[in-house]
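Remember, it's 1-based here, ligands and their atoms both numbered in the order they're listed.
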Amino acid sequence: MSYRYEDYVESCEMLKERLGDFRPEILMILGSGLGFMGDEIDEPVYVDYKDIPHFRTSTAPDHKGRFVFGKLCGKNVAVMQGRLHCYEGYTMEEVTFPVRVLKLLGADKMIVTNAAGCVNTEWKVGELMLINDHIRLFGFGPLQGANIPEFGPRFNDMTEVYNEEYMKLAHDKAKELGIILRDGVYMYFPGPSFETPAEVRAARILGADAVGMSTVPEATIAAHCGMRTLGITVLTNMAAGVLKTKLSGEEVNIAAEKASKSFSGLIRECVKEM
Ligand code: HPA
């Protein structure tokens, strides 16, 4: 099934009705263990994904499946408390549907966040990483199928998926806050299995610093429709094979929670100046 331009418009119109005069400027997508930031929004208006036409809902553990519209540090934001993943059985088109709807609603900036495995052996669990670029080598991307020219061109530029000004802003703010902010490349794996140690070694050779199962679909769609994106990763575990221990989803959530203070502090400071 393919979405038509009219489907995005219909979802956007429903949200406009619910939100009155409120229009979000920044879309924030919260990854595993990071949904707590949705509870820090002032004057919140909640809209469940299941109540929006054409939306799919998130099934991943800890993903609430709703928007929180409201204010963060004085800025109008739309927070996705729970995102969609392809491993839930959704197509990339379904996973990224909300991004285009929010673009139509007026958000031309995006903060995309995730929990990821750390491939770079010089870094530590619990540290944050600014995504400076990504790798998605195999399989089809979210722009497969008929292009919708209202959003962008058939062959879109991907040289600055993650906005350079935002990268500098994040580094400046991390420095002010005394937070370690690594700078690296995120490599997309479809999951839901964690990577094998051999895949992690391959990712390292290819230039990846972190591996994860999200973000790249949304960032690609945002680049296509001209949104400016800031990407922040919480390195919740050393990627498979780096240590002798086995990986679990539980470990990911615990580590994300531990990093919550620095994560929230950095996001807040960035939002103020985006
Ligand atoms: N791999 C993929 N996704 C992840 C990981 C990982 O090691 N940790 C958190 N999300």
Side-chain angles (χ1 to χ4, degrees), residues 28-37 58-65 80-90 92 95-96 111-139 141-142 162 180-220 231-260 262-264 266-267:
M28 287 174 55
I29 304 180
L30 299 176
S32 296
L34 304 171
F36 70 91
M37 267 214 89
S58 40
T59 65
D62 181 54
H63 286 247
K64 280 192 173 147
M80 288 185 73
Q81 223 172 12
R83 61 141 60 82
L84 308 173
H85 306 83
C86 292
Y87 66 70
E88 295 170 77
Y90 297 130
M92 284 222 176
V95 166
T96 57
I111 301 178
V112 65
T113 70
N114 58 61
C118 185
V119 172
N120 189 319
T121 52
E122 304 200 341
W123 300 349
K124 289 201 199 75
V125 167
E127 291 178 343
L128 304 182
M129 184 189 91
L130 177 77
I131 305 175
N132 66 35
D133 206 348
H134 72 227
I135 300 173
R136 181 201 58 81
L137 285 182
F138 308 113
Y162 304 91
I180 294 174
L181 181 62
R182 304 299 189 179
D183 194 294
V185 172
Y186 176 96
M187 185 162 180
Y188 177 77
F189 282 84
S193 306
F194 288 113
E195 301 70 30
T196 63
E199 285 165 345
V200 170
R201 288 196 298 275
R204 187 177 300 118
I205 290 166
L206 291 173
D209 296 290
V211 285
M213 307 172 195
S214 67
T215 298
V216 166
E218 297 102 319
T220 302
I232 304 282
T233 289
V234 180
L235 301 165
T236 51
N237 54 283
M238 295 313 284
V242 174
L243 306 173
K244 294 255 179 301
T245 48
K246 293 190 173 175
L247 308 190
S248 75
E250 217 165 89
E251 167 193 12
V252 167
N253 284 334
I254 293 168
E257 206 179 313
K258 277 196 188 148
S260 62
S262 52
F263 173 80
S264 156
L266 180 63
I267 300 279

Sidechain-backbone polar pair: [X] side chain, [Y] backbone, donor-acceptor under 3.5 Å:
X: Thr96; Y: Glu218; result: no
X: Asp209; Y: Val185; result: yes
X: Arg83; Y: Thr113; result: yes
X: Tyr186; Y: Ser214; result: yes
X: Thr236; Y: Ala255; result: no

Which residue holds the protein heavy atom closest to [atom], what is that atom called, and what is the gap in Å?
atom: atom 3 (N) of ligand 1; result: Gly212 CA, 3.4 Å
atom: atom 2 (C) of ligand 1; result: Glu195 OE2, 3.1 Å
atom: atom 5 (C) of ligand 1; result: Gly117 N, 3.3 Å
atom: atom 7 (O) of ligand 1; result: Asn237 ND2, 2.9 Å

- Message: Taking CD in Glu257 as the centre, count heavy atoms belonging to other residues, nucleotides or ligands within less than 6.0 Å. Is the count above 12?
- Response: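 Atom CD in Glu257 is not packed in, count stays at 12 or less.
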- Would a 4.5 Å heavy-atom cut-off, applied to side chains only, mark Lys246 and Phe194 as touching?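 The answer is no; the side chains never approach within 4.5 Å.
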- Option of least heavy-atom distance to atom 9 (C) of ligand 1 (set: Thr236, Leu235, Asn114, Val119):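 Nearest option to atom 9 (C) of ligand 1, by heavy atoms: Thr236.
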- Using a heavy-atom cut-off of under 4.0 Å, does the side chain or the backbone of Leu247 touch ligand 1, or both, or neither?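 Under 4.0 Å from ligand 1, Leu247 contributes side-chain atoms alone.
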- Query: Looking only at N/O atoms, are Ala115 and ligand 1 under 3.5 Å apart anywhere?
  - Reply: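 Yes: some nitrogen or oxygen of Ala115 is under 3.5 Å from one in ligand 1.
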- Item | Per-atom contacts, ligand 1 versus Val252 - under 4.0 Å to a heavy atom |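 Selected atoms, number and element: 8 (N), 9 (C).
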- Item | Heavy-atom gap Phe189 to ligand 1 smaller than 4.0 Å |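 Outside the 4.0 Å threshold, so no.
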